[in-house]
Amino acid sequence: MAMALPLAYASSVVHPFEAGRLSFSTKSTKHKKQIYQFRKVTKVLAYYGLTNPPYKLDALEPYMSRRTLELHWGNIHRGYADSLNKQLANSPLYGCTMEELIKTTFNNGNPLPEYNNAAEVWNHDFFWESMQPNGGRLPWGGVLDQIEKDFGSFSNFRDEFVRSAMMLFGSGWVWLVLNTNERRLSIVRTSNALCPLVWGDIPIISLDMWEHAYYLDYKDDVSKYVNNFMDHLISWHSATARMVRAEAFVNLGEPKIPVA
Amino acid sequence: MALRALFTKGAPTLAFGLGPFASAGGSGTRWQGLCHARGLKVAALPDLEYDYGALEPAISGEIMRLHHQKHHKAYVSNYNDALEKLDAAMAKGDVPAVVRLQSAIKFNGGGHINHTIFWKNLKPVNEGGGEPPHATLGWAIDTDFGSLEALVQKMNAEGAALQGSGWVWLALDKERKKLLVETTANQDPLVTKGARLVPLLGIGVWEHAYYLQYKNVKPDYLKNIWNVMNWKYASEVYDSEIA
């Protein structure tokens, strides 16, 4: 999965004290200049880049317009990434993957100021990859088996997902997660920027229910948006890849190996 | 009063004695007949006192129409639905059902309350919208915030910083007789922040309030909405509470 990678910018972490001492003993201008440069650059920063959605901005038409993606990704998602990097310039948080950063800044329910931006950057990355052109329809193989096992049938799952989305009050997200405690798939709703990663579940698919995600295309017709997502946008390819990775962390039972 | 109501376009349908939220013969809904028989007062969508396009260019006519006819109406319908279910659950003594319905009532009822106030907070420019407050409210603002500009700046800052959906309020603490700026999340009415708080002005910062026109530039919406702010309404509420 394409993730925002942290770049450590740690060009020569020299203690200013030593740099000062060094500059005393030297006479040549070139050496002095090098030391002076070392002294200036003593800051270590983390930085998270904005990744592109894995398709062109008009690829999800007519279910999600290019204009929506231009604003949603280009302005809103980018805005969160920029705000996050600005915050991190003055923050001791360094060396985390996005997932670690989210869990750390969530701070067990007392979120630090960086949490909102970090979570929203990750949430939107995850959301773009939860969709694909010519998506929707049915999953297959292991994902379908697991859905049928945990929800009874695919249409039960679909109905519950749509119902959950319609019941969300305010801004938030709807998720299909692999519940690590109960070792089964389940559907959760979260408000604002809350992400199931913080309580240890593994997200498989997400749907952005903030109004900016659908208002330009659907105005107040939320039901049409959610149904179009289920029928035409949801990427079961991504879901399969995520399930495969998730099963490395959660034991879902013995695989059905056919006996010769 | 009644004659004027007949001839003025978009006049509010206020039935005497029932308060601004309920209506005896308002925008017809099926609940009115049924529930009145059981004595259950339902909510009704209030009419706007101005045309949908009258607040341009601060707020577009398209947004006003959708906001009033779709969003506010949905809150009213869903509130009435939940109220009916609550009535049935209470009659049966079904405590879990009563508790389960609380969030729907808070959300939809809050939405109805907040939007009813919001429509009264706005006024077209040629009818006095944007005219700064004078007299008692004006002095109170200067006392509690320093100046009108400082208040506007504070409310805009709080509105811009609000994560997700919610409201920014200019509130009156009626016991301490002080003005303050408050925010509420989602459709929580101002009273959820304190029973002593009376809303004077509210600005909705749900994305449906501005996205079609301002896209994600919320600060522009917050800057422009002051051009159509109905300070006269805020003054009236303030004076009646202070007295």
Query - Which portion of B/Gln187 sits near chain A, non-hydrogen atoms under 4.5 angstrom - result: neither
Requested in this report: Select, from B/Leu66, B/Asn108, B/Val217, the one with the greatest count of heavy-atom pairs under 4.5 Å involving chain A.
Outcome: B/Leu66
Query - side-chain contact (heavy atoms from CB on, under 4.5 Å) between A/Met230 and A/Tyr225, worked out - result: CA-CA 9 Å; A/Met230 296 305 291; A/Tyr225 166 63; over 6 Å; no
Report task. Using the side-chain contact (heavy atoms from CB on, under 4.5 Å) rule, pick out the option among A/Pro54, A/Ser238, A/Ser206, A/Ser235 that qualifies with A/Trp128. Result -> A/Pro54
**Report entry** Residue from B/His68, B/His71, B/His67 passing ring-ring contact (aromatic ring centres under 6.0 Å, His included) with B/His115
**Finding:** B/His67
Query raised in the report: Are the charged groups of A/Glu70 and A/Arg66 less than 4.0 angstrom apart, N to O?
Result: yes
Query raised in the report: Side chain, backbone, both or neither: which part of A/Asn116 has an atom under 4.5 Å from a heavy atom of chain B?
Result: side chain
Report summary line: With chain B, the option among A/Asp220, A/Asn75, A/Asp221 that has the most non-hydrogen atom pairs under 4.5 Å is A/Asp220
